[in-house]
Amino acid sequence: MLCLVPPRRKVAWASRLLAWYRRARRALPWRRTRDPYRIWVSEVMLQQTTVATVTPYWRRFLRRFPTVRALARAEEDEVLVLWSGLGYYSRARNLHRAAREIVSRHGGRFPRTLDAALALPGIGRYTAGAVLSIAYGVPLAVVDGNVARVLARLFLVRGDPRSPRAARRLWTLADSLVPAVGPGDWNQALMELGATLCAPDSPRCAPCPVRSACRAHRAGLQEKVPSASPRPKTVAVEETAALLRRDGAVLLVQRPGWGLLGGLWDLPAGKPESLARRYRVGLTLGQVRHAILNRRITRTVVEAEARRGVRLEGRWVPLRDLPRLPLAGAARKALAAGRIPQPRGADRAHGGADRRDSG
DNA sequence: AATACGTGGCA
DNA sequence: TTGCCAAGTAT
């Protein structure tokens, strides 16, 4: 018979890692529940995002949408509002769609099988394994950035962990290590080690519970393994954003529902000449800077009025309705440059991140 | 297989 | 200021 599951590997350091995890783990709010929905939301928010950033978002999101059904009933705009500032907005749109699928096809309960979980939008091998192992105790491995780094060092897997070859090796290792009992704690222990001690730079090997088993440490290569993956070069982008005001409202446009900042609202923005076809441009209100992925955007915010006879794209949004629209980060900064008050306080995760850079 | 997809914090 | 990083998924 073909052996699809790699043979289970028994390692001497497993109990040390688990003991360390039980003692040293951080008291994260999503570790206080076995509710697959709450764990799922945390896993999606944590994709490529730090714990410190996620925590307030997770609390607000679960307060507003305490159950899968509550999320499934919501309008997409409201879901995006609660995601606004977290980035990678397709995560929120997929989470919302998946919640509706769970209600319509799984009776409102997060599925218990790998295949059913993987069929949901926005859930890949990592998230499926994390939710099923932590919430239901299904013995599935996970490989995220942390686990990849930890296993690459323990087993001296060289090369870029994102390359197909290394990734295959790391998943095979992870599969072989995951225990039949308590897979959730095991997976979290590996992730916690990577997040706290086995850091990308300057790993703290002295207090590491599995140092003696670590091939990279033995070879003195813990700073070199795994090798870093190349990053795209940053490009500078300059654009102009138009601030149009009328009767206590501002003109905003909604970006297309896919791609960059999909579904989010923003000021009309673009090259100066393209804005000038639609608007009469007045005073410059300020410049704001915003980095998105590999783009460094410098945005000049100008007062503007509609040209006579030009049909305007977008919607006049009363200022008091701004909290109900998902705004892009660059839109918040541009509005701040125009001295337009932002929805914040108890309603927002962040304080004064929006800053007028110059005048 | 390679690329698109956000943001804030930190050295 | 610039570059790099943080619990990935979709195409």
Side-chain angles (χ1 to χ4, degrees), chain A residues 25-26 28 30-31 39-58 80 83-95 97-98 117-131 133-134 141-150 160-165 167-168 171 174 184 187-196 198-202 226 228-236 255-256 258-264 266 289-298 326-333 349-355 357:
Chain A
R25 67 178 172 186
R26 294 165 294 172
L28 305 177
W30 43 87
R31 286 187 174 153
I39 293 167
W40 171 36
V41 173
S42 79
E43 292 298 342
V44 174
M45 285 188 171
L46 284 162
Q47 290 168 11
Q48 307 289 291
T49 310
T50 58
V51 165
T53 299
V54 163
T55 302
Y57 280 86
W58 185 85
L80 286 171
W83 209 273
S84 170
L86 257 190
Y88 287 130
Y89 297 94
S90 66
R91 292 184 297 175
R93 296 193 300 272
N94 284 333
L95 186 73
R97 285 182 204 128
L118 287 175
L120 295 168
I123 296 189
R125 193 172 173 187
Y126 164 77
T127 304
V131 175
S133 67
I134 296 169
V142 299
V143 176
D144 69 340
N146 288 315
V147 176
R149 187 169 57 255
V150 168
D160 181 350
R162 297 167 58 104
S163 72
R165 181 182 151 78
R168 204 162 43 240
W171 272 102
N187 287 333
Q188 292 191 82
L190 283 172
M191 291 192 276
E192 189 77 354
L193 187 67
T196 58
C198 197
D201 298 317
S202 315
S229 34
R231 302 178 79 83
K233 211 167 109 175
T234 61
V235 295
R255 301 179 58 93
W258 63 92
L260 187 69
L261 303 173
L264 271 70
D266 195 3
R289 274 175 298 185
H290 190 72
I292 294 184
L293 298 165
N294 64 331
R295 274 162 272 200
R296 287 188 303 104
I297 300 170
T298 304
L327 295 178
R332 294 186 187 286
K333 293 180 184 178
H350 296 298
D354 300 346
R355 181 168 56 87
D357 289 300

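Naming convention: chains lettered A, B, ... in sequence-line order (proteins, then strands); numbering from 1 in each chain.
Each of B:dG8, C:dC5, C:dG8 was ranked by its minimum atom distance to the side chain of A:Ala228; first place goes to C:dC5. Closest approach to the A:Tyr88 side chain among C:dT9, B:dT7, B:dC5 is made by B:dC5 (side chain taken as heavy atoms from C-beta onward). Considering only side-chain atoms of A:Arg162, the nucleotide from C:dC5, C:dT1, B:dA4 that sits closest is B:dA4.
Residues passing the side chain to side chain donor-acceptor pair (under 3.5 Å) test with A:Thr50, sequence neighbours excluded: A:Thr53. In this structure A:Gln47 satisfies the side chain to side chain donor-acceptor pair (under 3.5 Å) test together with A:Thr127, sequence neighbours excluded.
Rounded to whole Å, the P atom of B:dG6 lies 14 Å from the corresponding atom of C:dT11.
Using a 4.0 Å heavy-atom cutoff across all strands shown, A:Pro121 reaches sugar-phosphate atoms only and no base atom. Using a 4.0 Å heavy-atom distance criterion, A:Leu28 is classed as a base contact. Residue A:Arg165 is classed as having no contact, given no heavy-atom separation below 4.0 Å to the nucleic acid.
Listed pair A:Arg295 / B:dC5 meets the phosphate criterion, a side-chain N or O lying under 4.0 Å from OP1 or OP2.
Nearest-nucleotide assignment on DNA chain C puts the 5′-proximal partner with A:Leu46, out of A:Leu46 and A:Ile123. Between A:Pro164 and A:Ala330, the residue whose closest nucleotide on DNA chain B is further toward the 5' end is A:Pro164.
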